[in-house]
Amino acid sequence: MLKKIKDKIRNYFIAGLLTVVPLSITVYVVMLLLTHADRVFNLIPTRYNPKNYIPFPLPGLGIVLVLLLIFFTGLLVKNYLGGRIVEFGERIVYQIPLVRPLYSAVKQLLVAIFSESYKGFKKVVLIEYPRRGIYALGFVTGVASGEVQDLTKERVINVFLPTTPNPTSGFYLLIPEKDVVPLKMTVEDAFKLIISGGLVTPEYGCERFASKKHTIPVPGAKEEEESSVCGSDIAP
């Protein structure tokens, strides 16, 4: 009885912690941005500083300026000349020992979150990797074609297997379609799960599959209480 009470108290505390801490950090970061964003105007010459032409203080104007700066920087980078300049600058940054790992980690994280290249991932699947009995999340990028498909006895699909916590690197695998288990979770939820190392688990709720092919046994559970995965056809 006492153990159940302790477990409930612990669960309530963890639930509150998981709610309060992210919310507090978010509020703190937003307030920090609103407080210090206007300091960007100190970098602008007095003659061109818009604050000197506004008759009253306007909080948050610095954030607007930063967003415009980011937008026009992206516009420049998308051009051929701008892209060359950025590549040259990155080569210099990668030569600095202490700066290189920090810059690389931040860029890879942002690419993993915002890059449009991940829209090419069609479905999230579960595969047995690196051996039977151990599972990993992968992304279907399409169906293999050409010589690869011609030399295989079964229909083979292209699967990208990302690494944790950096999903921008990984392995390209060619797997028979019958050997993968399709999942219901979205690509975005799968990335959150991978980047967090399993700490951020997406919500799940669906009908059980009667087929044993899509059933994943849970250690210590009874046979009728096995956890199942809902899925659909993999091929686009």
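- In this structure, Pro162 and Phe139 approach most closely via the heavy-atom pair CG-CE1, 3.5 Å.
- Thr164 places no side-chain N or O within donor-acceptor distance of the main-chain N or O of Ile195, the cut-off being under 3.5 Å.
- Considering only heavy atoms from C-beta on, Val143 stays 4.5 Å or farther from Asn158 through its side chain.
- Here CG of Leu173 is found 6.0 Å from OH of Tyr129. Values are rounded to the nearest 0.5 Å.
- Among all heavy-atom pairs drawn from Ile127 and Leu161, the shortest one is CD1-CD1, 4.1 Å.
- Within 6.0 Å of the CD atom in Gln149, the count of heavy atoms belonging to other residues, nucleotides or ligands exceeds 12.
- Between the CD1 atom of Ile14 and the CD1 atom of Ile9 there is a distance of 12.0 Å, given to the nearest 0.5 Å.
- Distance alone, capped at 3.5 Å, is enough to place a donor-acceptor pair between the Asn11 side chain and the Asp7 backbone.
- Expressed to the nearest 0.5 Å, how far CD1 of Ile157 lies from NZ of Lys123 amounts to 10.5 Å.
- Note: the hydrophobic cluster containing Met185 does not contain Val200 (ILVMFWY, side chain heavy atoms under 4.5 Å, direct or indirect links).
- To the nearest 0.5 Å, atom CG of residue Leu151 and atom CG of residue Leu174 are 11.5 Å apart.
- Closest heavy-atom contact between Pro176 and Glu154: CB-OE1, 3.3 Å.
- Annotation for Leu126 and Leu137: closest pair CD1-CD2, 3.8 Å, computed over non-hydrogen atoms.
- Note on Val181 and Val156: separate hydrophobic clusters, where clusters join Ile, Leu, Val, Met, Phe, Trp and Tyr whose side-chain heavy atoms are under 4.5 Å apart, directly or indirectly.
- In the hydrophobic clustering of this structure, Tyr135 groups with Val124; members are Ile, Leu, Val, Met, Phe, Trp, Tyr whose side-chain heavy atoms approach within less than 4.5 Å, directly or through other members.
- Val125 is connected to Ile175 through a chain of hydrophobic side-chain contacts under 4.5 Å among Ile, Leu, Val, Met, Phe, Trp and Tyr, so both are in one cluster.
- Considering all non-hydrogen atoms of both residues, Gly133 and Glu128 come closest at N-OE2, 2.8 Å.
- Around OH of Tyr172, the count of heavy atoms belonging to other residues, nucleotides or ligands within 6.0 Å exceeds 12.
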Quiz: residues 85-92 side-chain donor-acceptor pairs under 3.5 angstrom, not counting sequence neighbours:
{"unit_1": "Glu90", "atom_1": "OE1", "unit_2": "Lys107", "atom_2": "NZ", "d": "3.3"}
{"unit_1": "Glu90", "atom_1": "OE2", "unit_2": "Tyr103", "atom_2": "OH", "d": "2.6"}
{"unit_1": "Glu90", "atom_1": "OE2", "unit_2": "Lys107", "atom_2": "NZ", "d": "2.4"}

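- Summarising the geometry, atom CZ belonging to Phe160 is positioned 6.5 Å from atom OG belonging to Ser169; distances are rounded to the nearest 0.5 Å.
- Here the shortest heavy-atom pairing between Thr163 and Gly170 reads CG2-CA, 3.9 Å.
- Within 6.0 Å of atom OH in Tyr94, more than 12 heavy atoms from other residues, nucleotides or ligands are found, so the atom counts as buried in its surroundings.
- The closest side-chain heavy-atom distance from Val93 to Arg100 is not below 4.5 Å.
- Residues Lys8 and Lys4 fail the side-chain proximity criterion, which asks for heavy atoms closer than 4.5 Å.
- A distance of 12.5 Å separates CZ in Arg10 from NZ in Lys6, rounded to the nearest 0.5 Å.
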